[in-house]
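To start, the structure itself, in structure tokens.
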Amino acid sequence: MNKEMIVVLDFGGQYNQLIARRVRECNVYAEVHPYTLPIEELKAMNPKGIIFTGGPNSVYLDTSPAYTREVFDLGIPILGICYGSQLMAHLLGGKVKTAEVSEYGKTEVELDCDFENKPVTDKAYSSMLYAGTARNMTVWMSHTDYIAEVPEGFTVTAHTANCPVASMEYSKDDKKLYAVQYHPEVLHTEYGKQILENFVLKICGCSGDWRMDSFVESAIRDLREKIGNGRVLCALSGGVDSSVAAVLLSKAVGKQLTCVFVDHGLLRKDEGDEVEAIFGPKGNYELNFIRVNAQDRFYLKLAGETDPERKRHIIGEEFIRVFEEEAKKIGAVDFLAQGTIYPDVIESGLGESAVIKSHHNVGGLPDHVDFKEIVEPLRMLFKDEVRRCGLELGIPEYLVFRQPFPGPGLGVRIIDDITKEKVRIVQEADAIFREEVDKAVQQWKCDELDKICEEAEEEGIHVGGIVDPDKAVGLPDWYPNQYFAALTNMRSVGVMGDFRTYDYAVVLRAVSTSDFMTADCCNIPFEVLQKCMNRIINEVKGVNRVMFDLTSKPPGTIELL
């Protein structure tokens, strides 16, 4: 698709994908690339703007990531964030030093410029970057080094009590260079979205016309052109990502697509049958569907393995081996399709960024694959964009908004080695937890609807007929976007029915998130957790203790492994 693009040059920052996600919220396409990207390739991308990410290094060290100074002469607006701001200062002749007082977390910043985007008056400097913000803002800082001296021609536009250059800019001679020491991409920064919007839309001049309907249209066209008359084998797990990828391919090539659903024995309770009901012969989609029951095969391969990365690689490789075998049964297959999404790619390691965790459909592929090429139609989409893509394709909401499920399945929700018995335990505990949360949400909706009706009656308004609580009220503020049970490797002593037990501890995890890149623990009502605990201990053989995970992302990940 011919689209405007913002290139995010990554210098090892932990928020690289979050920056790209925030840009896309402005309806402008963004891609993350490592700082090793050759400048000729950067020019060929013809970006409307460039953003330098943060990073853990000091710019004045010879071993630290850097980029060619030529980038500042391209006439493309550049925004440096944290390390990126210091790199800009360093490359253009400013000075960066180690601060006597580091700044971490929420910090008060004061602007030294006109932030109302009015004509310059009284010699005040007018900054387009800060249009629509405020004189004093709370921002998110994370730095030890600081810009001690700005390069020639730059203007300081903000400061803090301990940081003399919280932001600076140079906007003349056809150059538009901006630098902020703080992180506008995180939600903790007030007006952060406004600042990024100002850069992308006002300074870079993007029109903000990147929409999901145009993505779907171009993706289907590109898939048809790429695949031609070839046959496609799709790795269908039944999760949101692979399901949307399968329907996208079905729209593009129809019966040229064969979806192989591998039941590896690590799915949620009854999920195998649910997937077959949706995509199988009785489903609504034009494709060929094959279900492979390979539970014992996977259990044998995973026997005794405790390392989470090895589990991912084993599961990923075995997936491919199963697909190869199925491809031979059905004849020549030209393409392997997967539901890889952008966070999978970035978290598996991009350039100098750390590998957070390898994903079975990114880092776990074996060296030898018996296909002409791999097709990943969702590779550049974030999770919420995948859901919007699904809706655009006409996939029912209950499928689009089902909870995400990792490719390795319960393999990353079972600490230590995997056995059939442990799988049973976590399946049953997980089913109880999801059932009780769903029941609590429905009860909350009914209670809220009752309140609305009572208030209406008090005001003399008659409420008649049957009202659907799902449509009449929203969701409770504690509603989790993802919630599941996992099995720890901890066993503890308990007492059940006057008998001593020595059984496993189950951990419940529930998070709220919009993009699955950052997440906070949900404040699920205590009585709901208590009910889950009682049911799990009483109904799931082998469990005598239930815990609740309070960890956010970061520092943790959403999954336990």
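Checking side-chain atoms of Ser237 against main-chain N and O of Ala235 turns up no donor-acceptor pair under 3.5 Å. Arg388 places no side-chain N or O within 3.5 Å of a backbone atom of Met212 that could act as its donor or acceptor partner. Of the possible polar contacts, none joining the Glu539 side chain to the Ile536 backbone as a donor-acceptor pair under 3.5 Å is found. The backbone N or O of Asn16 lies less than 3.5 Å from no partner atom in the side chain of Thr53, so there is not a single donor-acceptor pair. No side-chain donor-acceptor contact under 3.5 Å links Arg535 to the backbone of Val540. Under the 3.5 Å distance criterion, the side-chain polar atoms of Arg268 are left unmatched by any main-chain donor or acceptor of Ala431. With Ser243 contributing its side chain and Val240 its backbone, the two residues share no donor-acceptor pair below 3.5 Å. Remark: side-chain polar atoms of Asp430 are not paired, donor with acceptor, to backbone N or O of Val426 under 3.5 angstrom. Judged purely by atom type and a 3.5 angstrom limit, Asp10 uses its side chain to pair as donor or acceptor with the backbone of Gly13. Put simply, the side chain of Ser250 never gets that close to the backbone of Ala246: no donor and acceptor are under 3.5 Å apart.
Taking CG from Leu378 and OG from Ser242, the interatomic distance works out to 9.5 Å, rounded to the nearest 0.5 Å. Atom OG of Ser512 and atom CG of Asn523 lie 10.0 Å apart (nearest 0.5 Å). Distance CE/Met490 to CE/Met547: 4.0 Å, rounded to 0.5 Å. Within the model, atoms NZ of Lys541 and CG of Asn538 stand 15.0 Å from one another, a figure rounded to the nearest 0.5 Å. Within the model, atoms CG of Leu233 and CD1 of Ile290 stand 7.5 Å from one another, a figure rounded to the nearest 0.5 Å. Summarising the geometry, atom OG1 belonging to Thr501 is positioned 9.0 Å from atom CD1 belonging to Ile537; distances are rounded to the nearest 0.5 Å.
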What verdict does the salt bridge (charged side-chain N to carboxylate O under 4.0 Å, His left out) test give for Arg402 and Glu271, after you've listed the backbone C-alpha separation in whole Å, the side-chain angles of each residue and the deciding distance to 0.1 Å? CA-CA 12 Å; Arg402 71 183 304 184; Glu271 192 160 37; 2.8 Å; yes
Could you go through the side-chain contact (heavy atoms from CB on, under 4.5 Å) check for Ile415 and Leu560 one step at a time? CA-CA 8 Å; Ile415 311 296; Leu560 268 66; 4.2 Å; yes
Would Val28 and Leu201 satisfy side-chain contact (heavy atoms from CB on, under 4.5 Å), going step by step from the backbone distance to the final call? CA-CA 9 Å; Val28 176; Leu201 301 180; 4.0 Å; yes
Steps toward side chain to side chain donor-acceptor pair (under 3.5 Å) verdict (Asp503, Asn544): CA-CA 6 Å; Asp503 287 328; Asn544 66 0; 4.7 Å; no
For Asp447 and Gln443, what are the C-alpha separation, side-chain angles and deciding distance, and is it a side chain to side chain donor-acceptor pair (under 3.5 Å)? CA-CA 6 Å; Asp447 292 344; Gln443 185 60 54; 2.9 Å; yes
Does the side-chain contact (heavy atoms from CB on, under 4.5 Å) test come out yes or no for Val507 and Phe548, once each step is laid out? CA-CA 5 Å; Val507 60; Phe548 187 64; over 6 Å; no
For Arg379 and Thr340, what are the C-alpha separation, side-chain angles and deciding distance, and is it a side chain to side chain donor-acceptor pair (under 3.5 Å)? CA-CA 5 Å; Arg379 185 180 179 87; Thr340 310; 5.0 Å; no
Is there a salt bridge (charged side-chain N to carboxylate O under 4.0 Å, His left out) between Lys553 and Asp520? Walk through the geometry before answering. CA-CA 6 Å; Lys553 175 186 180 181; Asp520 290 315; over 6 Å; no
Take Asn481 and Val511, measure what side-chain contact (heavy atoms from CB on, under 4.5 Å) needs, and give me the verdict at the end. CA-CA 6 Å; Asn481 300 102; Val511 297; 5.6 Å; no
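When side chains are defined from C-beta on, Phe319 counts as touching Val262, because their heavy atoms get closer than 4.5 Å. For the pair Thr518/Pro554, a side-chain contact is recorded, criterion being any heavy-atom separation below 4.5 Å from C-beta on. Side-chain contact between Phe405 and Leu266: absent, with no pair of heavy atoms (C-beta onward) separated by less than 4.5 Å. You'll find the side chain of Thr419 stays beyond 4.5 Å of the side chain of Tyr299, heavy atoms only. Side-chain contact between Tyr342 and Leu381 is absent, with no heavy atoms from C-beta onward closer than 4.5 Å. Counting heavy atoms from C-beta on, the side chains of Val139 and Glu190 never come closer than 4.5 Å. Residues Leu393 and Lys251 form a side-chain contact, since some pair of their non-hydrogen atoms from C-beta on lies under 4.5 Å apart. You'll find the side chain of Phe335 stays beyond 4.5 Å of the side chain of Cys234, heavy atoms only.
Nearest approach of Val506 to Ala485, heavy atoms of both residues: CG1-CB, 4.0 Å. When all heavy atoms of Leu287 and Cys259 are compared, the closest pair comes out as CD2-SG, 4.0 Å. The shortest heavy-atom contact between Val441 and Pro476 is CG1-CD, 4.2 Å. Gly265 and Val423 make their closest contact through O-CG1, 3.2 Å (heavy atoms, listed as atom of the first residue, atom of the second, distance). Ile315 approaches Gly411 most closely through the heavy-atom pair CD1-CA, 4.4 Å.
For the pairing with Gln482, the side chain to side chain donor-acceptor pair (under 3.5 Å) check across Glu559, Gln403, Arg509 returns one residue only, Glu559. His183 pairs in a ring pair (Phe, Tyr, Trp, His ring centres under 6.0 Å) with only one of the listed residues (Trp140, Tyr15, Tyr104), which is Tyr15.
Comment: Glu309 engages Arg312 in a salt bridge, judged by a side-chain N to carboxylate O separation of less than 4.0 angstrom. Under the 4.0 Å criterion applied to side-chain N and carboxylate O atoms, Asp263 and Arg291 are assigned as salt-bridge partners. Glu286 and Lys255 are not joined by a salt bridge, as no carboxylate oxygen comes within less than 4.0 angstrom of a charged side-chain nitrogen. Between Lys311 and Glu305 no salt bridge is recorded (no basic side-chain N to carboxylate O distance below 4.0 Å). Between Glu436 and Lys439 there is a salt bridge, since a side-chain N of the basic residue sits under 4.0 Å from a carboxylate O of the acidic one. Using a cutoff of 4.0 Å between basic side-chain nitrogens and carboxylate oxygens, Asp417 and Lys422 are scored as salt-bridged. The residues Arg321 and Glu325 are annotated as not salt-bridged, no charged nitrogen and carboxylate oxygen being separated by less than 4.0 angstrom. Salt-bridge annotation for Glu448 and Lys445: absent, with no side-chain N of the basic residue lying under 4.0 Å from a carboxylate O of the acidic one.
Side-chain polar atoms of Tyr29 and Asp209 form no donor-acceptor pair below 3.5 angstrom.
In this structure, Phe261 and Phe289 have parallel ring planes: the angle between them is below the 30° cut-off, well short of the 60° mark.
In this structure, Arg413 satisfies the cation-pi test against Phe484, with its NZ or CZ atom closer than 6.0 Å to the six-membered ring centre and inside 45 degrees of the ring normal. Taking the ring centre of Tyr504 as origin, the terminal cationic atom of Arg491 falls inside the region bounded by 6.0 Å and 45° from the ring axis.
Environment of CD in Glu435: crowded, with over 12 heavy atoms of neighbouring residues, nucleotides or ligands closer than 6.0 Å.
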